[in-house]
Amino acid sequence: MRILYVCHEPLPSPYTNTEQIVKTAAALAERGIETHVLCPSPRGSSRDRDRALAIARFYGVPAASLENGLHIIERPVPALIRGKAARPWHDLRAAAYVRGTDYDVVYTRDPFSLLTALFTHDRVVFETYRVDLNTATRFGPWRAMCYSRSNLLGVVAHSRMAEQSLRDAGIRAERILVAHNGYSHEAMIPRLSRDDARSQLGIPLDEQLVVYTGHVDRTKGLEVLMPMAEALPDVRFLLVGHVAASPGARQLTAEITARGLVNVKMVPRVPPSEVVPYLYAADCLLIPPSSKPLHSHRRTVL
């Protein structure tokens, strides 16, 4: 079997979903399924092995995956098209690319890419964690154009909540597979002691440390950390994962400054392979205890 996995983010990327895409593709390849990841690139077209190795290394994917059937295909994006406009451009180009190819399945987790693929290939699989696609009025026309098509083989959902929203939107239960996201056990090796991890990161050994790693903005409910930090002035809160100059990073930085929280520090995004020492260095790992992101944005399921 040959799968084309359409990803509309350049690789490597600071966005967490790209780690899930590359590791899923690598896992498929390791099971004997030839998997091609098609992504945009401002540098131009490439099937260069050194580029593929660099991308695999960034995500902690073993180089052996490239021998077992994982392929990274980069397609150029015109210099005048940048930012979010590059995504639909790539999705349209991907639809043109797939014409005349012999892929058995086109696989994507991008809504617009799903739409374009359904008009150019006869076997398409969609993957999603999002509930808003199935509940928000603005996605009604998209649902009508996608969910009724017979060449949509099925949908992979990341949670029971997403599954139920898909069923409510008209997808039959037998066409939905719930596959919860997990983690790569190999990524946590070698196991580090708390002190060794802190020495590696330059973090004092004697302070109490609470660590959050992941996307850093209000869609993750991080504002609930502020009163925690105020109530625990002797505890350091480390937020790892902001994208420099992003609106979310600016908002949180402004709030931290306004509250005078000297015990809250933000660390820019690091490659997935460099996240692990922060986990081992912590006294406490935190998922923000708030349902607000789910109810406000309908895209974050915690």
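Please read all numbers here as calculations on a predicted model, not as lab measurements.
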Less than 4.5 Å apart, side chain to side chain, heavy atoms only: is that true for [X] and [Y]?
X      : Y      : result
Leu66  : Leu53  : yes
Leu153 : Val124 : no
Phe139 : Pro111 : no
Val216 : Met266 : yes
Ser13  : Tyr59  : yes
Tyr278 : Leu201 : yes
Arg75  : Leu38  : yes
Val131 : Met161 : yes

Smallest separation among heavy atoms of [X] and [Y], with atom names:
X      : Y      : value
His90  : His8   : CD2-CA, 3.6 Å
Ser159 : Val178 : C-CG1, 4.0 Å
Pro40  : Cys7   : CD-O, 3.3 Å
Ala281 : Ala197 : N-CB, 3.7 Å
Val77  : Ala86  : CG1-CB, 4.0 Å
Gln200 : Pro277 : NE2-CG, 3.4 Å

Apply side-chain contact (heavy atoms from CB on, under 4.5 Å) to residues Val155 and Leu177 and explain how you reach the verdict.
CA-CA 6 Å; Val155 183; Leu177 170 68; over 6 Å; no
Determine, stepwise, if the pair Asp196 / Ser193 fulfils side chain to side chain donor-acceptor pair (under 3.5 Å).
CA-CA 5 Å; Asp196 286 345; Ser193 70; 3.2 Å; yes
Can [Y] be reached from [X] by stepping across I, L, V, M, F, W or Y side chains whose heavy atoms are under 4.5 Å apart?
X      : Y      : result
Tyr212 : Met226 : yes
Val243 : Val267 : no
Ile72  : Tyr97  : no
Leu115 : Val125 : no
Ile176 : Leu118 : yes

Rounded at 0.5 Å granularity, tell me how far [atom1] in [X] sits from [atom2] in [Y].
X      : Y      : atom1 : atom2 : value
Asn181 : Lys23  : CG    : NZ    : 11.0 Å
Arg123 : Asn151 : CZ    : CG    : 10.0 Å
Leu11  : Arg51  : CG    : CZ    : 8.0 Å
Leu133 : Arg138 : CG    : CZ    : 8.5 Å
Arg130 : Thr135 : CZ    : OG1   : 9.5 Å
Phe58  : Glu274 : CZ    : CD    : 8.0 Å

Per the side chain to side chain contact (heavy atoms under 4.5 Å, CB included) rule, which among Ile33, Ile55, Leu28, Val37 passes with Leu70?
Val37
Residue pair Lys265, Leu238: steps toward the side-chain contact (heavy atoms from CB on, under 4.5 Å) verdict:
CA-CA 5 Å; Lys265 181 181 178 181; Leu238 204 59; 3.8 Å; yes
Would you find a donor on one side and an acceptor on the other, under 3.5 Å apart, between the side chain of [X] and the backbone of [Y]?
X      : Y      : answer
Thr120 : Thr116 : yes
Arg194 : Leu205 : yes
Thr108 : Val6   : yes
Thr253 : Arg250 : no
Asp91  : Phe112 : no
Arg198 : Glu207 : yes
Asn263 : Leu232 : yes

Steps toward side chain to side chain donor-acceptor pair (under 3.5 Å) verdict (Glu30, Ser65):
CA-CA 6 Å; Glu30 289 167 7; Ser65 296; 3.1 Å; yes
Leu209 and Val235: CA distance, side-chain angles, deciding distance, side-chain contact (heavy atoms from CB on, under 4.5 Å) verdict:
CA-CA 6 Å; Leu209 184 64; Val235 176; over 6 Å; no
Will you find, in the side chains of [X] and [Y], an N or O donor that is under 3.5 Å from an N or O acceptor?
X      : Y      : answer
Thr35  : Tyr107 : no
Gln164 : Asp168 : yes
Glu163 : His158 : no

Run Glu9 and Asn17 through side chain to side chain donor-acceptor pair (under 3.5 Å) and show every step you take.
CA-CA 9 Å; Glu9 298 290 349; Asn17 66 305; 5.3 Å; no
CA sep, side-chain torsions, deciding dist, call: Arg49, Glu67, salt bridge (Lys or Arg N to Asp or Glu O under 4.0 Å)
CA-CA 10 Å; Arg49 177 173 170 76; Glu67 308 295 340; 2.9 Å; yes
Give the ring-plane orientation class for Tyr147 versus Trp142, where under 30° counts as parallel, over 60° as perpendicular and anything between as tilted.
perpendicular
Quick one: sort the Tyr103 and His36 rings into parallel, tilted or perpendicular, breaks at 30° and 60°.
perpendicular
Looking at residues at least two apart in the chain, or sitting in another chain, which of them share a salt bridge (Lys or Arg N to Asp or Glu O under 4.0 Å) with Asp234?
none
Counting only heavy atoms from other residues, nucleotides and ligands, does the tally under 6.0 Å from NE2 of His180 exceed 12?
yes
Between Arg149 and Phe119, is NZ or CZ placed under 6.0 angstrom from the six-membered ring centre and within 45° of the ring axis?
yes
Could you check Asp102 against Arg2 for salt bridge (Lys or Arg N to Asp or Glu O under 4.0 Å), going step by step and ending with a plain yes or no?
CA-CA 8 Å; Asp102 60 351; Arg2 299 175 77 238; 2.2 Å; yes
After noting the C-alpha distance and the side-chain angles of Thr101 and Leu4, does the key distance pass the side-chain contact (heavy atoms from CB on, under 4.5 Å) rule?
CA-CA 10 Å; Thr101 61; Leu4 180 69; 5.9 Å; no
